[in-house]
Amino acid sequence: MSLKPPKKSDLNKVWMKKKPDRVIRIHPEYHLIVSEGTDTEPAYFGTIKDIINKQYPEKIQLDVSGAGDNTISLFTKARQLAKDSANVYRHVWVVYDTDDFPAEHIDRVVQLCAENSSEETEYHAIWSNQCVELWFLLHFCYMQSDIHRTKYWPKLTDCLTKIGAGEYKKNRTDMYQVLRPFMDVAIVNAKRLDEVNKGKPPSKAAPGTKVYELVGMLKPYLPEE
């Protein structure tokens with residue numbers, strides 16, 4: 001038996017309607033998160049995955065992959081993972097940093113996500129200009145200055161030290177737990193940046209991040225701290 005949920009276009013067909021001797025299994029909504037990074041993002045989103053998959057197994061299920069690719073190749077990897085899966089992913093989230101990659105590659109991912117989205121599967125370009133550490137920093141303050149990504153790390157260390165959470169390192173595995181109490185602040189700050197960057201392509205929206213869109217969709221399934 002296929003584990004794929006029925007297509008929306010099939011739901012009203014006679015053969016899909018419930019009969020007295022037939023029970024139609026309701027499948028959870030599947031999400032695939034594919035990140036450029038192999039440590040920082042998988043650790044952060046992996047914690048979210050563990051929480052949600054455990055508490056809502058029949059409603060929503062997440063898969064997380066640290067692909068180690070970037071921009072266009074990352075999208076290609078995400079699309080292939082979705083294609084090869086036994087599950088039909090309702091949402092595929094392509095999470096990447098702009099870093100110093102060519103502007104045309106950074107912006108092309110947004111176009112590819114739009115071109116490949118369908119009624120069945122929606123692709124999302126979740127970019128951060130310049131890096132995901134901007135999303136982390138927005139938990140503590142609003143920042144509109146375009147600084148080099150390496151300067152986020154000492155700023156994060158200062159913020160984390162003030163709350164007794166120690167030094168920031170790229171391979172920290174507890175960033176979700178540390179940042180969770182400040183998630184609402186980060187979403188507000190990221191949305192504010194998004195308004196400032198309105199109309200700009202990702203390559204020009206510095207600083208800026210779309211991580212709040214992914215976290216905002218999953219937030220209703222996450223316990224309050």
Side-chain angles (χ1 to χ4, degrees), residues 3 5 25-67 78 81-82 85 87-97 121-128 131-143 152 155-194 208-225:
L3 293 178
R25 180 182 174 186
I26 303 300
H27 294 261
E29 180 177 87
Y30 291 102
H31 291 241
L32 174 62
I33 301 172
V34 183
S35 71
E36 168 194 351
T38 57
D39 295 314
T40 305
E41 294 92 335
Y44 179 79
F45 290 112
T47 302
I48 293 176
K49 177 200 76 171
D50 292 342
I51 293 170
I52 291 178
N53 287 6
K54 182 178 180 181
Q55 295 194 13
Y56 301 95
E58 296 180 357
K59 191 168 186 180
I60 181 172
Q61 288 287 285
L62 311 182
D63 289 325
V64 176
S65 174
L81 286 172
S85 176
N87 300 321
V88 174
Y89 290 108
R90 180 64 190 88
H91 296 279
V92 177
W93 308 86
V94 185
V95 182
Y96 65 103
D97 296 344
T121 302
E122 184 174 0
Y123 286 84
H124 306 262
I126 305 300
W127 50 267
S128 292
C131 58
V132 73
E133 280 78 11
L134 170 63
W135 166 249
F136 295 163
L137 191 60
L138 290 174
H139 286 70
F140 302 103
C141 61
Y142 175 74
M143 195 183 76
Y152 285 120
K155 287 181 176 292
L156 272 171
T157 290
D158 289 343
C159 293
L160 293 172
T161 300
K162 288 178 182 178
I163 63 171
E167 180 184 1
Y168 176 72
K169 295 180 180 180
K170 286 287 289 183
N171 59 353
R172 280 193 67 159
T173 59
D174 63 345
M175 288 306 293
Y176 170 78
Q177 293 92 334
V178 171
L179 298 175
R180 178 62 183 91
F182 314 101
M183 183 179 286
D184 289 340
V185 174
I187 292 174
V188 169
N189 285 334
K191 285 182 176 180
R192 185 178 170 190
L193 272 181
D194 221 14
T209 180
K210 289 289 187 177
V211 174
Y212 79 90
E213 294 183 351
L214 169 52
V215 173
M217 179 172 283
L218 300 179
K219 186 176 178 291
Y221 304 100
L222 295 169
E224 297 289 340
E225 294 293 329

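All residue numbers refer to positions in the sequence shown, counting from 1.
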What are the two closest non-hydrogen atoms of Y44 and F136, and how far apart are they? CD1-CE2, 3.9 Å
Neighbour count >12 (heavy atoms, 6.0 Å) for atom NZ, K59: no
Counting distance only, does the side-chain N/O of T40 pair as donor-acceptor with the main-chain N or O of K170 below 3.5 Å? yes
Quick check: do W135 and I187 have side-chain heavy atoms less than 4.5 Å from each other? yes
Determine, step by step, whether L134 and Y152 satisfy the side chain to side chain contact (heavy atoms under 4.5 Å, CB included) criterion, reporting the C-alpha distance in whole Å, the side-chain angles of both residues, the deciding distance to 0.1 Å, and the verdict. CA-CA 7 Å; L134 170 63; Y152 285 120; 3.7 Å; yes
Run the numbers on D194 and K210 for side chain to side chain contact (heavy atoms under 4.5 Å, CB included), then give the verdict. CA-CA 8 Å; D194 221 14; K210 289 289 187 177; 2.9 Å; yes
Spatial distance of atom OG1 (T209) from atom CG (L193) [nearest 0.5 Å]: 8.5 Å
Between L222 and I52, is the side chain to side chain contact (heavy atoms under 4.5 Å, CB included) condition met? List the steps. CA-CA 7 Å; L222 295 169; I52 291 178; 3.9 Å; yes
Using 30° and 60° as the class boundaries, would you call the ring planes of W93 and H31 parallel, tilted or perpendicular? parallel
Are side-chain heavy atoms of E36 and V132 found at a separation under 4.5 Å? no
Are any of the side-chain heavy atoms of P42 and S35 separated by less than 4.5 Å? yes
Nearest heavy-atom pair of P220 and Y56: which atoms, and what distance? O-OH, 4.3 Å
Look only at the side chain of E122 and the backbone of H91, and say whether a donor-acceptor pair between them is shorter than 3.5 Å. no
F45 versus V211: any side-chain heavy-atom pair under 4.5 Å? yes
Got a second to check how far K191's NZ is from E213's CD, nearest 0.5 Å? 9.5 Å
Is the count of non-hydrogen atoms from other residues, nucleotides or ligands lying under 6.0 Å from K49 atom NZ greater than 12? yes
Mark yes or no for whether D39, through its side chain, and N171, through its backbone, hold a donor-acceptor pair below 3.5 Å. no
In terms of heavy-atom contacts, L137 and C159 come closest through CD1-SG, 3.9 Å
Which heavy atom in A43 sits nearest to a heavy atom in T173, and how many Å separate them? CB-CA, 4.1 Å
Could you tell me the separation between the SG atom of C141 and the CZ atom of F182, rounded to the nearest 0.5 Å? 12.0 Å
Pairwise distance NE2(H27) to CD1(I60) - rounded to 0.5 angstrom: 16.0 Å
Would D63 and L81 count as a side chain to side chain contact (heavy atoms under 4.5 Å, CB included) here? Give the steps. CA-CA 10 Å; D63 289 325; L81 286 172; over 6 Å; no
Rounded distance [0.5 Å steps], CG in L32 versus NE2 in H124: 11.0 Å
Main-chain N/O of Y168 paired with T157 side-chain donor or acceptor, under 3.5 Å: yes
Is there a side-chain contact between Y176 and M183 (heavy atoms, below 4.5 Å)? yes
Note: V94 and A78 closest approach over all heavy atoms is CG2-CB, 4.0 Å
Pairwise salt bridge (charged side-chain N to carboxylate O under 4.0 Å, His left out) hits with a residue in residues 171-183, at least two apart: R172-D174, R180-E224
Could you check whether any side-chain heavy atom of F140 comes within less than 4.5 Å of a side-chain heavy atom of L156, counting everything from C-beta outward? yes
Would you check if V178 and I163 make a side-chain contact, meaning some heavy-atom pair closer than 4.5 Å? yes
In this structure, CG of L218 is separated from CD1 of I48 (nearest 0.5 Å) by 6.0 Å
Test item: T121 side-chain N/O and Y89 main-chain N/O as donor-acceptor pair under 3.5 Å: yes
Sequence-distant partners of D50, salt bridge (charged side-chain N to carboxylate O under 4.0 Å, His left out), two or more places apart: none
